[in-house]
Amino acid sequence: MPIPTCTVQAAPVASGIAVGRVMFLHGGVQPSKIISIAPGEVESELNRFHEALAETKKQLRELREKLRLKLQPNEAAIFDAHLMLVEDKTLTAEVERMISENLVNAESAVGQAMDKFADAFSAVDDVYFQERALDIRDVGGRITANLTSAEQLKMNYDEPRIVIASTLTPSETVGLNREKVLGFAVETGSATSHTAILARSLNLPAVVGLPRELLDNLTVADKLIVDGFSGKVIVNPDAGTEEAYRLKKREAEKIYDQLLGESELRPVTTDGFTVEIAANVEAHDNYAEIKQNGACGIGLFRTEFLFMDGSHLPDEDEQFEIYKKLMISAGNDTVTIRTLDIGGDKLNSGIIRSVEQNPFLGLRGIRLCLRERRDIFDTQLRALMRAGVYGNMQIMLPMISCMDEFFETKNIIAGLKSELAAKDVPFADNIPLGVMIETPAAAMIADKFAREADFFSIGTNDLIQYTIAADRTNERVAHLYRPGHPAVLRLIKYTVEEAVKQNIPVSVCGQTAEDLTMIPFLVGLGVNELSMSPGAMPLVKKLIRTLSMAECVELVSSAFECDNSVEVVEMSQKLIRKLVPELTMV
Ligand code: PEP
Ligand code: MG
């Protein structure tokens, strides 16, 4: 039964409007959560359960074979015990009963059935039974993981839907079938969480902060309007509201198409200052399409998304082919490739060796590459240098916090060059090496880095979170996470000044680069390039063509007089409304 019409306010993180029915990405839902289904859905849920069971059996057998030689017989027996549980008729019958009689979806049924059996076993005062309870939970988790794998989304529904989840990880997001997804409405996260970044690069409307209560009550029968401009989510809208939103969607698309038609115009302010517009890309994007949106090159290629598929890590040749293809398609345009930035909210258990309490402050990005995964780092650098022959490549390093990390990487690159030369493998010898300024430490020694690096790219997503000490993925501190915070502006100012002194270019590649209200400040501070999701380029270009450097510089000096970010943003909003009101509608 669809729930009654209601409207809730969430936070918009990717613009656009989506209208459609709900699809649960159950991986993001708490295990305790019960999702009801309609009687007509029983059969498909039973099928999903049986497919997940079959997949679980297959994985357990493969694991047993793979580990047979490495493990003691008693350790390998664990897999036999788990296999027996998966084949246990009492357990499977209980799950089937819950689906068909209690009308709950497969994940809820597995969770409840496994809890029931595991609780009964752990209540017995005997270590043997208590261990079996753990086995049951373990197997239950594995079946649920198989049920929830993003792959499942490919087969579940005929028509595209809006993905609903409590949390959505970046790897789940990359795994989604774009054809089947209209947008996202998620409980946790923020505009700069990598999930939101991916939503923007997929051009899908998204909101975060969906109330828990609503999430608990929605079913696949419910229809939503997700307004990625205002953050509103309308549940089961009446016909009039739906039509009004469809109209709004068409109008926004019309304005956007007009701006897209101007994408060849150069991003030059009215008084002749050029701010280049480059693209942020994640994985295998099509450069020809990006170019049509108005990019002069790629300002950030987040290569870690090539490594987010848990099942395999791309080897040197595979990476080489991907980079080479991109270089060739970009022709003479600059392609800035960032080395692996695994860690933080981008986790891959095949790469990271230990679970950390504070992954954003842990072995992330360059730290992981230098300390623990030199193997992966060297492989990537070799692939990059080989592909560098095919175009205009720059390499940049993420999460740099001290000079040593930069020098160590330079030495590694020099060593790899000698290896490649000794083997007569062609490689590019002079790829510019840049530093991402995304820790306050790096910003504060920008004078030193500017003497060593070939370019800077300011990663505001992280710079803001580390400066303000506000987790970029945590909606509970979203009110503090402000790009216009005077401390952030000061760090950007200092970074740009030091880059100018050493005559190296400075780009901004975080979300701030496409935040229209922040752009006048970045222009006024003298940033040379803004790198952003391709969808934002037509809007940003239009804004730059309307601004004058003189008024941006004035705005910057007024911003430094402000005590807080709200005043800063208001000044710029006023200016944008005056100059280009249509930009507030897309
Ligand atoms: C940033 O931190 O601003 C950035 C561009 O990198 P990422 O968002 O991938 O951390
Ligand atoms: Mg970053």
When you compare the side chains of Thr512 and Thr460, does any donor N or O come within less than 3.5 Å of an acceptor on the partner?
yes
Will you find, in the side chains of Asp222 and Asn236, an N or O donor that is under 3.5 Å from an N or O acceptor?
yes
With a 4.0 Å cut-off on N to O distance, would you call Glu262 and Lys542 a salt bridge?
yes
How many angstroms lie between OG in Ser507 and CE in Met396, if you round to the nearest 0.5 Å?
7.0 Å
Rounded to the nearest 0.5 Å, what separation is found between the CG atom of Leu547 and the SG atom of Cys552?
4.5 Å
Whether the side chain of Glu475 engages the backbone of Ser190 through a donor-acceptor N/O pair (distance < 3.5 Å, no angle test) should be reported.
no
Give a yes-or-no answer on whether the side chains of Asp238 and Thr241 include a donor-acceptor pair shorter than 3.5 Å.
yes
Enumerate, atom names and distances included, each donor-acceptor pair closer than 3.5 Å involving a side-chain atom of residues 566-579, sequence neighbours excluded.
unit_1, atom_1, unit_2, atom_2, d
Glu567, OE2, Asn564, ND2, 3.3
Ser572, OG, Thr517, O, 2.5

Report yes if the side chains of Val335 and Tyr287 come closer than 4.5 Å at any heavy-atom pair, otherwise no.
no
Any Lys/Arg nitrogen of Arg246 or Glu242 sitting under 4.0 Å from an Asp/Glu carboxylate oxygen of the other?
yes
Take the angle between the ring planes of Phe305 and His194 and call it parallel below 30°, perpendicular above 60°, tilted in between.
tilted
CD1 on Ile234 to NZ on Lys223, rounded to 0.5 Å
12.0 Å
Between Asn293 and Ser263: side-chain donor-acceptor atoms closer than 3.5 Å
no
Measure the spacing between CZ of Phe406 and CD1 of Ile400 and express it to the nearest 0.5 Å.
7.5 Å
Is there a donor-acceptor contact under 3.5 Å linking the side chains of Ser533 and Glu514?
yes
Does any part of the side chain of Leu224, heavy atoms only, come nearer than 4.5 Å to the side chain of Val235, both counted from C-beta?
yes
Is atom CD of Glu554 surrounded by more than 12 heavy atoms (other residues, nucleotides or ligands) closer than 6.0 Å?
no
Looking at CG of Leu381 and CE of Met385, how far apart are the two atoms once the value is rounded to the nearest 0.5 Å?
5.5 Å
Quick one, Thr269 and Ile544 - any side-chain contact, counting heavy atoms below 4.5 Å?
yes
Is there side-chain contact between Ile351 and Glu304, with at least one heavy-atom pair below 4.5 Å?
no
Ion pair check, Arg302 and Asp341, cut-off under 4.0 Å
no
So do the side chains of Met399 and Met436 get within less than 4.5 Å of each other, counting heavy atoms only?
no
Do Ile277 and Cys296 come close enough that some side-chain heavy atom pair is under 4.5 Å?
no
Would you give the length of the straight line joining atom OG1 of Thr495 to atom CG of Asp447, rounded to the nearest 0.5 angstrom?
10.0 Å
Salt bridge present between Arg250 and Glu253 (N-O < 4.0 angstrom)
no
